[in-house]
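Reading through the structure tokens given below for one structure.
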Amino acid sequence: MTSDATSDRPALTDEVVDLCRDLLRIDTSNTGDNDTSAGERAAAEYVAEKLAEVGVETQIHESAPGRANVVARIAGTDPSRGALLVHGHLDVVPADADEWSVHPFSGEIRDGYLWGRGAIDMKDFDAMVLAVVRHWQRTGVRPTRDIVLAYTADEEAGGDYGAHWLVRQHRDVFDGCTEAIGEVGGFSYSVDDARRLYLIETAEKGVDWLRLHAKGRPGHGSMVHDDNAVTALAEAVARIGRHRFPTVVTPTVRAFLEEVSELLGIELDPEDPEAAIAKLGPIANIIGATIRNTANPTRLTAGYKDNVIPGRATATIDCRSLPGQSELLEAQLRELIGPDIDIEYIQRQSAIETTFDGDLVDAMSAALRAEDPGAHPVPYMLSGGTDAKAFAQLGIRCFGFAPLRLPADLNFSALFHGIDERVPVDGLQFGVRVLDRFLRTC
Ligand SMILES: [Zn+2]
């Protein structure tokens with residue numbers, strides 16, 4: 001690598017900051033509405049151009065005008081090996097510039113960080129992958145297995161115009177893919193100066209968004225009335241919102257607690273996960289939602305005039321289910337709301353879970369340890385959802401592995417969709433080095 005630095009060829013980590021910065025400056029806000037979502041096409045063209053510059057052929061697939069996905073395949077030296085899918089989304093959640101310390105689409109560098117909406121979710125990883133592939137192409141490196149690159153649209157609104165659409169309409173892109181890496185994992189959490197956990201995502205909760213429909217008798221607001229849809233809905237919503245579902249320890253959470261217990265030298269009883277998680281400090285908020293199903297009311301709609309009792313009322317409930325628990329969760333909700341309110345699913349994606357073992361996991365761990373001797377890779381479950389859910393439908397084993405070494409005092413999980421989202425510049429460069437090692441050896 002040092003010889004590269006002194007020649008006119010860029011060194012491995014030279015480009016990543018500029019690539020990420022360029023991507024951050026393309027506003028790819030995903031509002032959930034095709035008319036107001038912006039920039040995905042421009043970002044896709046940017047990626048395609050950066051790959052074309054080094055001789056990688058790409059295809060851009062649009063699911064709707066402007067909703068662009070970029071795919072490419074880099075041929076490995078051993079065609080008998082299954083391909084590895086490396087995926088990252090190009091869209092971001094919207095950002096309100098008034099709330100930020102810097103403009104969210106300015107790509108400013110300040111205090112050792114690159115700032116902007118998407119800096120950690122997930123233009124950082126998009127840029128790291130581009131940096132590694134460009135370096136390989138320039139220096140003649142070929143991976144052993146085929147690597148399929150997928151830069152997707154629409155992850156932030158569920159992926160109907162991105163990963164899920166690609167899986168439905170362009171399944172052949174993923175031919176031969178057996179394993180995948182993407183967000184949200186591979187980031188560090190400092191135990192002390194010498195030791196860092198690296199959380200590798202091996203499971204994701206399911207997404208079970210549903211709408212409750214209550215019906216009643218419409219009428220005049222001045223009358224005595226005992227069949228009011230708003231009252232019935234409000235009671236059901238309050239019961240759901242106050243309910244605590246029972247704890248369940250899945251294999252991933254059990255493996256996480258066992259590893260962390262040993263590393264921290266504290267007793268973490270997997271049979272009492274709530275008490276165990278309470279001992280984990282700041283990391284508890286990442287793990288806390290992965291020991292039970294959850295159901296949070298998020299929207300209420302009813303009525304059209306102050307003195308009219310409406311005949312209908314609806315509420316949206318954001319539910320997240322543990323692996324294998326979606327049906328059980330529905331039964332639990334049914335019991336809470338009673339027989340008179342209808343349930344309609346507006347989004348239902350199964351949870352996914354794989355084991356923390358095998359050659360791919362060994363390669364991730366080895367690459368992390370080579371770049372950070374204090375690295376302790378551990379598996380964990382993400383309480384949210386990612387594009388991995390779409391790819392898992394093809395039988396692909398999905399991991400969250402977008403390596404980042406973070407400073408001990410950074411509240412990383414708060415930056416996702418948060419104000420002043422930013423990524424440490426040296427963390428980006430670390431990620432490139434880890435990915436380069438991992439992708440060469442996996
Ligand atoms: Zn994301």
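For clarity, every value in this text was computed on a predicted model and none was experimentally measured. Counting convention: from 1, in listed order, for ligands and their atoms alike.
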Legend entry - Cationic N near anionic O, under 4.0 Å, R348 to E327: yes
Inset, instruction - May I ask you to test the D192-S190 pair for a side-chain heavy-atom distance under 4.5 Å? - result: no
Legend entry - Q169 and S63: side chain donor to acceptor below 3.5 Å: no
Inset, instruction - Go through E156 and H417 one step at a time and tell me if the side chain to side chain donor-acceptor pair (under 3.5 Å) criterion holds. - result: CA-CA 10 Å; E156 296 294 0; H417 301 188; 3.1 Å; yes
Legend entry - No-hydrogen, no-angle side-chain donor-acceptor test under 3.5 Å, E183 and H89: yes
Inset, instruction - Answer yes or no: is there an ion pair linking E330 with R334, defined by an N-O contact shorter than 4.0 Å? - result: no
Inset, instruction - Mind listing the protein N/O/S atoms less than 2.8 Å away from the Zn ion (ligand 1)? Waters don't count. - result: H89 NE2, D121 OD1, E183 OE1, E183 OE2
